[in-house]
Visitor: 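Take this structure first; my questions come after.
Residue numbers start from 1 in every chain, and the chains themselves are labelled A, B, ... in the order their sequence lines are given, proteins ahead of strands. Worth saying up front: this structure is predicted, and the values here are computed from it rather than measured.
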Amino acid sequence: MIWNPEKECASREELHRLQSERLVNIVKYTYDNVKFYHERMDACGVKPSDIRSIDDIGMLPFMTKQDLRDYYPTETFAAPMSEIVRFHASSGTTGKPIVAGYTRNDLDNWSEGVARCLTAYGLSKHDIIQISYGYGLFTGGLGAHEGATKVGCSVLPASSGNTSKQLLLMKDLGVTALCCTPSYALFLAESLHSTPGFSPDQMNLKVGIFGAEPWSENMRAELEDKLGIKAYDIYGLTEVSGPGVGGECEYQDGTHIWEDMFYPEIIDPNTCRPLDYGQTGELVFTTLLKEGMPVIRYRTRDLTHLNADRCRCGRTMVRMGKIMGRTDDMLIVRGVNVFPSQIESVILEFAECSGQYLITIDRINNNDTFQLDLELRPDCYSDNMSRMENLKKEIVGRLASVIGLKCDLHIVEPGNIERSCGKAKHVADLRKI
Amino acid sequence: MIIQQLSIFVQNKIGRFTEVTNILGQAGVNMEAFTVSENSDFGILRLIVDDTQRAVDALRAANFAVNITDVVCLDCADTPGSIAPFMNILSREGVSIEYMYAFTMGDRSRIVIRTDDLERCDRLISE
Ligand SMILES: [Zn+2]
């Protein structure tokens with residue numbers, strides 16, 4: 001089902017017209033109401049009247065997470081406090097949090113985004129949804145809550161914690177959909193299998209809605225298997241609104257971004273130049289309707305690509321690929337942008353690899369060196385030298401075709417790569433620049 | 001005869017090899033034969049021992065990448081030309097050999113042969 005076919009399936013021309021109209025408005029509104037952005041546009045020599053359509057967005061300056069920190073707590077707000085009806089705050093691990101303020105319209109548009117996602121996952125007013133995201137400053141709980149309420153689901157605001165009560169209510173109410181972080185879902189799934197008195201066949205679960213942290217296809221398969229559900233990704237971020245900036249559809253072939261409200265761009269994180277559809281770079285968002293805290297060309301630091309091909313589901317909204325990592329993690333080796341997650345995905349294509357690896361970058365005689373140490377699964381260390389050498393060649397070749405760089409690959413003994421707290425450290429950049 | 005061979009992946013060749021011999025000595029395992037295949041990066045140590053399982057347990061406990069492979073062991077007199085007829089049979093029958101090595105025990109020679117069709121190889125040399 002489609003929640004809002006008029007918007008979600010609008011022609012690209014109609015969407016372009018709507019995005020253009022909304023961008024013109026939001027730029028003028030932000031320029032008039034947010035001092036720091038006014039000054040930044042002035043410094044770039046751009047006036048609101050220069051922006052006539054969405055195609056002009058490249059003239060506008062960027063906003064960064066640092067800007068939101070520098071203008072803590074509310075200097076980036078565009079609406080007066082009397083119009084703000086809600087705050088949320090990011091869970092940043094260092095320094096001050098980022099505070100987001102929402103007007104009544106903002107909450108309405110936010111829950112519209114969530115409602116579109118839930119409907120795409122097949123939910124309706126006939127579903128009972130257990131929301132086990134934390135409720136509070138984190139956008140997950142309340143964001144999902146209001147979207148589900150809008151759809152008409154019966155909402156169980158379970159929040160996180162108290163596992164046995166979560167399982168009891170899930171069973172006794174016949175909950176059909178679970179919404180939480182994928183790691184909490186995995187914990188609940190394991191508890192379901194290990195807690196006496198509970199078993200998966202008592203549950204009526206059909207759909208899992210997971211987001212707020214990256215998760216892999218392996219994790220999806222595990223969750224679907226352990227909970228007997230179909231598991232969907234919901235995407236969002238506090239700076240833009242919260243969960244529901246986009247979500248997967250029934251085809252699970254990328255995350256549709258509700259680009260009539262949240263306009264995405266992909267840029268090269270070094271040059272800041274816009275990249276084409278299909279190219280991997282940094283995801284940038286402009287909130288086309290936000291009143292409380294609009295962001296214009298906000299750099300998310302997430303690395304991904306966009307796909308504008310028409311989806312089989314009928315929605316015309318672009319689809320975002322998997323988040324490949326963070327710009328903070330990006331390495332520049334011999335002038336090439338390298339994402340450790342790309343390397344990892346190549347490694348995992350080879351059944352012989354255990355998933356333990358270490359990338360070491362150094363600079364010797366002004367040349368970057370790129371070494372990859374790799375552990376195999378213990379039973380894959382062959383007795384046959386040529387088989388081992390062929391495997392090595394294959395991995396080097398496959399990596400070169402994906403990242404455009406030849407690495408110096410070393411197969412090492414199992415346990416050789418240092419593990420810290422059970423999690424391996426994957427990158428060592430020894431360059432002193 | 002088909003027997004079991006240990007293969008051990010070793011990275012820092014010299015030191016690790018010494019360690020393997022120490023571990024096997026402490027476990028009371030006797031090495032009957034060994035061979036090393038190496039490139040600039042790593043080595044593959046292949047061993048025939050008197051107690052395969054005990055050797056595997058001791059080496060795994062010390063975090064070695066050790067695996068067991070079946071190989072054909074050809075037993076013949078340790079005299080000039082005694083191996084040649086067997087090799088002639090294998091090449092005539094088109095058995096492709098991944099690797100082989102030899103060792104002597106008393107007055108007998110033993111040839112270890114690794115091929116992708118062990119059963120056939122074993123049958124051919126037994127006839
Ligand atoms: Zn779709």
Visitor: Would you say the side chain of A/Asp383 lies within less than 4.5 Å of the side chain of B/Tyr99, judging by non-hydrogen atoms?
Guide: yes
Visitor: Given a strict heavy-atom distance threshold of 4.5 Å, which part of A/Pro378 is in contact with chain B: side chain, backbone, both, or neither?
Guide: backbone
Visitor: To the nearest 0.5 Å, how far apart are CD in B/Glu98 and CE in A/Met385?
Guide: 13.0 Å
Visitor: Is the number of heavy atoms from other residues, nucleotides or ligands within 6.0 Å of CZ (B/Phe34) greater than 12?
Guide: no
Visitor: Kindly say whether A/Val412 contributes a backbone atom to a donor-acceptor pair with the side chain of B/Gln11 at under 3.5 angstrom?
Guide: no
Visitor: Tell me if the CZ atom of B/Phe103 is crowded by more than 12 foreign heavy atoms within 6.0 Å.
Guide: yes
Visitor: Determine which residues belonging to residues 404-411 of chain A lie within contact range of chain B, meaning some heavy atom pair is under 4.5 Å apart, and list them by number or answer 'none'.
Guide: A/Leu409, A/His410, A/Ile411
Visitor: Taking C-beta and beyond as the side chain, do A/Lys392 and B/Asp41 meet within less than 4.5 Å on heavy atoms?
Guide: yes
Visitor: With heavy-atom distances below 4.5 Å as the criterion, would you say the side chains of B/Phe9 and A/Met388 are in contact?
Guide: yes
Visitor: What residues of residues 60-88 of chain B sit under 4.5 Å from chain A when only non-hydrogen atoms are counted?
Guide: B/Asn63, B/Phe64, B/Ala65, B/Asn67, B/Thr69
Visitor: Could you look at A/Ser386 and say if it's the side chain, the backbone, both or neither that has a heavy atom under 4.5 Å from chain B?
Guide: neither
Visitor: Got more than 12 heavy atoms from elsewhere within 6.0 Å of CD, A/Gln252?
Guide: yes
Visitor: Answer yes or no: are there more than 12 heavy-atom neighbours, outside A/Arg377 itself, under 6.0 Å from its atom CZ?
Guide: no
Visitor: Closest approach of B/Ile44 and A/Asn384, non-hydrogen atoms and distance?
Guide: CD1-C, 3.9 Å
